[in-house]
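Here the structure is laid out as structure tokens; the discussion comes afterwards.
Only this structure's heavy atoms are used, side chains among them; waters, hydrogens and symmetry mates stay out. Note that this is a predicted model, so its numbers are computed, not measured. One is the number of the first residue; the rest follow in order along the sequence.
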Amino acid sequence: MRVQDLRVYQRSVELRQAVFEASRAWPKEERYALTDQARRSSRSVSANLAEAWAKRRYPKHFVAKLTDALGEAEETLVWLEVAEECGYLDATHRDNLTRSTRQLVGGLVKMMRHPDQWCGPAGLVREDAELYDSD
């Protein structure tokens with residue numbers, strides 16, 4: 001199993017693409033203050049997830065990198081909130097992005113709570129069919 005096969009990774013790709021598309025319309029004066037920050041944090045989720053996957057033979061390293069991915073996902077939510085406050089993102093679009101990000105966060109938390117399911121040789125790794133919860 002590759003990291004790209006994980007649903008949580010696929011959701012992280014969807015998030016970074018959605019943030020990129022939404023931010024294309026933001027004002028040029030927000031380029032460094034908001035646009036870059038939102039794009040970087042959303043992209044960092046999948047980058048940290050890939051790094052966690054590469055370190056899955058070591059549960060503590062795996063969970064540490066998942067924690068970084070979780071932090072980046074939460075940061076992305078803040079930037080989306082700021083974009084809405086500034087009038088760059090409508091409430092419906094932000095709500096949709098928030099909902100999908102919360103599902104992603106639920107997947108990360110699930111992986112962090114049960115690292116034994118993910119860590120070890122690739123042949124032993126298994127992904128449950130159940131949907132991620134955002135608890």
Is there a side-chain contact between Val105 and Glu74 (heavy atoms, below 4.5 Å)? yes
How many angstroms lie between atom CZ of Arg31 and atom CZ of Arg39, to the nearest 0.5 angstrom? 8.5 Å
Please answer whether the main-chain N or O of Gln10 pairs with a side-chain N or O of Gln4 as donor and acceptor at a distance below 3.5 Å. no
If we only count heavy atoms from C-beta on, is the Arg16 to Val19 side-chain gap below 4.5 Å? no
With side chain to side chain contact (heavy atoms under 4.5 Å, CB included) as the test, would you mind laying out the steps for Asp116 and His114 before giving the verdict? CA-CA 5 Å; Asp116 54 310; His114 305 286; 4.0 Å; yes
Quick one, Arg40 and Glu75 - any side-chain contact, counting heavy atoms below 4.5 Å? no
Give the ring-plane orientation class for Trp118 versus Trp53, where under 30° counts as parallel, over 60° as perpendicular and anything between as tilted. perpendicular
A side-chain contact here means heavy atoms from C-beta on lying under 4.5 Å apart; do Leu66 and Asn48 qualify? no
Audit row: Leu104, Glu14, side chain to side chain contact (heavy atoms under 4.5 Å, CB included) steps and yes/no: CA-CA 10 Å; Leu104 166 62; Glu14 291 168 6; over 6 Å; no
Distance in Å, Thr76 OG1 paired with Leu97 CG, rounded so as to fall on 0.5 Å steps: 10.0 Å
The reported gap from CG in Asp95 to CG in Leu89 (rounded to nearest 0.5 angstrom) is 9.0 Å
Glu81 versus Arg94, closest heavy-atom pair with distance: CA-NE, 3.5 Å
Check this for me, if you would: do Lys65 and Asp68 make a salt bridge, where the nitrogen-to-carboxylate-oxygen distance has to be below 4.0 angstrom? yes
If you take all heavy atoms of Ser42 and Leu15, which pair is closest and at what distance? CB-CG, 4.2 Å
If I take atom OG from residue Ser12 and atom CZ from residue Arg7, how far apart are they, to the nearest 0.5 angstrom? 13.0 Å
If you take all heavy atoms of Met112 and Pro115, which pair is closest and at what distance? O-CD, 3.3 Å
Mind running side chain to side chain contact (heavy atoms under 4.5 Å, CB included) on Phe62 and Met111 for me, showing each step along the way? CA-CA 9 Å; Phe62 177 72; Met111 292 173 82; 3.8 Å; yes
Quick one: pull up CD in Glu72 and OG1 in Thr101 and give me the separation to the nearest 0.5 Å. 12.5 Å
Would you check if Cys119 and Tyr58 make a side-chain contact, meaning some heavy-atom pair closer than 4.5 Å? no
When you measure from the side chain of Asn96 to the backbone N and O of His93, does any donor-acceptor pair fall under 3.5 Å? no
Leu34 and Val45: same hydrophobic cluster, using ILVMFWY side-chain contacts below 4.5 Å? no
Drop me the distance from Ser41's OG to Leu80's CG, to the nearest 0.5 angstrom. 7.5 Å
If the test is side chain to side chain contact (heavy atoms under 4.5 Å, CB included), which one of Trp79, Trp26, Phe20 qualifies with Thr35? Trp26
